[in-house]
Amino acid sequence: MGIKKEDSLRINIDKCEFLVGRINFVSDEIFNLEKEKIFSKCWLYVGHDSELEKAGDFVTRQVGGRSVIFVKDRDCKIRALLNTCPHRGAQVCREKSGTAKSFQCFYHGWVFSNSGKLVGLPGDDSYTDGFIDNPEKSLTPVPLHSAYRGFHFICFDKGAISLSDYLGNAKEYLDLVVDQAEFGAEIVGGTQEYAIDANWKLLAENSYDGYHAPTNHSTYFDYLKNTTGGLNGSKLEGVGLDLGNGHGVIEYTAPFGRPIASWIEAWGEDGKVRINKIYARLVERFGEERASRIAKFNRNIHIFPNLVVNDIMALTIRTFFPLAPNHMHVNAWSLAPVGEDDVDRKERMFNFLEFLGPGGFATPDDIEALENCQLGFRNMLEARWNDVSRGMNKEEPASDDEEQMRGYWKEWSRRVFDT
Ligand code: FES
Ligand code: FE
């Protein structure tokens, strides 16, 4: 390997300096190592329980560079199958989503049940007896598949640690999200899909970067001045945490309404009554302290390597995957509590689109920033390092510091360089 660890990451504890090599964002060699050592080894988010309501429901996804069918079979078992025909390789399902008892490969017509079993093939008299029951002729399941509170993950490394151990401290934060939904959470609407001409790790960093909010999203905070009074001071107040295993979170207060029990004036007196009711129920279920944390605090959670769960003015799930060092595809979904009041749901979806949607206040600003950084990396031979040192001198880094990113980079480096 040509690139050395010291060209990639430079940490000087005494000087409180944490430098990330810009080579990591542009190199084909690094990109190939990431495919092998990260996307083929880590647990990767594939989908949510609620996307598969009834037997036969399926969605197809690209996960970790593989084509996957995420499906509820006729026995209501949720499976993740590789979307490639055991015959000669075609993708047996070419729809994005739907309901099916079976999948028929369009090339030569092999038929698979929704559990992946080969159940029919044209001209079967030309095959030996028992051919159809050979498990190798059925769709291949992904090596590992597990779920945590409705979030399904897959892993292409049979020897990986359990999902529960992998998520580790991040489970506490996923719990704070899922506990909002007394009757379960559901994906609302379809998938938002877009592409960004930037390295995928820039989006990982951006997803829990509290530092950029007041500047890069100044338009949004100016707009909030009309509804909530805007930022209190010039920053978001809260903490930034490295959760281990590369996961991280920022948890903070902010001047936007949260449909889960944080009221703003713009929602009117009726809204106040509804929100108070939701809050009272949270207190009943979890006690005052946890209820207050759930309702009043925002969380941007990043699960290594490429899952973001934002619990802010709405709930969003987002994954991203690189197709090249300077190009990624992004998928995003809105998550909401089942049984939510219609008006609260409307406010939630408005919040979601207004800030998080591809045409909202935040996403275009962030894409512009990320693509601009990527352009800046053209100068990386002479200007080699990104600085991720903010808050390194503090015992309790804040939500606008960069502790959570340092945890991410250490794990990234450990995996890429086998250290
Ligand atoms: Fe699927 Fe031939 S490639 S039936
Ligand atoms: Fe942003």
Side-chain angles (χ1 to χ4, degrees), residues 60 67 69 81-95 100 102-113 116-124 126-127 131-132 134 136-140 192 194 196 198 200-224 231 235-236 238 240 248-250 252 254-256 298-302 308-314 316 318 320 328 330 332 351-374 390 399-402 404-405:
T60 53
S67 179
I69 310 173
L81 304 165
L82 293 179
N83 190 8
T84 180
C85 185
H87 180 222
R88 299 258 287 281
Q91 296 188 111
V92 299
C93 182
R94 295 183 294 163
E95 305 293 325
S102 59
F103 302 105
Q104 179 165 32
C105 180
F106 76 104
Y107 196 5
H108 309 89
W110 286 23
V111 180
F112 306 86
S113 72
K117 163 98 181 64
L118 178 63
V119 290
L121 67 174
D124 58 353
S126 297
Y127 290 97
F131 182 90
I132 201 168
N134 178 349
E136 287 180 6
K137 308 303 172 195
S138 288
L139 296 180
T140 308
Q192 294 185 346
Y194 48 96
I196 306 178
W200 67 281
K201 299 184 290 299
L202 288 172
L203 185 55
E205 289 181 332
N206 170 267
S207 297
Y208 52 7
D209 177 344
Y211 193 21
H212 81 292
T215 41
N216 196 39
H217 301 309
S218 59
T219 323
Y220 177 65
F221 287 104
D222 282 348
Y223 157 79
L224 283 188
L231 276 178
K235 56 189 253 179
L236 304 169
V249 68
I250 54 173
Y252 55 96
F256 36 71
N298 300 274
R299 283 159 285 273
N300 295 41
I301 308 162
H302 183 266
V308 171
V309 180
N310 281 343
D311 172 11
I312 47 181
M313 71 294 287
T316 182
R318 184 163 65 198
F320 35 98
M328 74 180 114
V330 185
N351 277 359
F352 177 76
L353 288 174
E354 177 189 67
F355 189 73
L356 295 161
F361 274 107
T363 300
D365 290 347
D366 283 328
I367 292 175
E368 174 72 15
L370 271 45
E371 293 189 340
N372 205 270
C373 290
Q374 197 71 34
R390 188 174 164 84
S399 53
D400 59 352
D401 287 326
E402 292 166 342
Q404 63 285 0
M405 294 173 208

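Treat the numbers as computed from the prediction; the structure is a model and nothing was measured. Just follow the structure's listing: the first ligand is 1, and inside any ligand the first atom is 1.
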Gap separating the OH atom of Tyr220 from the CG atom of Asp365, nearest 0.5 angstrom: 12.0 Å
Any Thr140 side-chain heavy atom under 4.5 Å of Thr84 side chain: no
Listed protein N/O/S atoms, distance to the Fe ion (ligand 2) under 2.8 Å: His212 NE2, His217 NE2, Asp366 OD1, Asp366 OD2
Thr316 vs Phe352 side-chain heavy atoms within contact, under 4.5 Å: yes
Tyr107 atom OH, over 12 foreign heavy atoms within 6.0 Å: no
Beyond-backbone contact of Glu95 with Thr60, side-chain heavy atoms, under 4.5 angstrom: no
Interatomic spacing from NZ in Lys117 to CG in Leu81 - rounded to 0.5 Å: 13.5 Å
side-chain contact (heavy atoms from CB on, under 4.5 Å) assessment of Leu139 paired with Val92: CA-CA 9 Å; Leu139 296 180; Val92 299; 4.0 Å; yes
Test ring pair (Phe, Tyr, Trp, His ring centres under 6.0 Å) applied to His217 and Tyr211, Phe355, Phe361, the passing residue: Phe355
Contacts of atom 2 (Fe) of ligand 1 with protein N/O/S atoms, counting only those under 2.8 Å: His87 ND1, His108 ND1
Ala332 backbone acceptor or donor facing Gln192 side chain under 3.5 Å: no
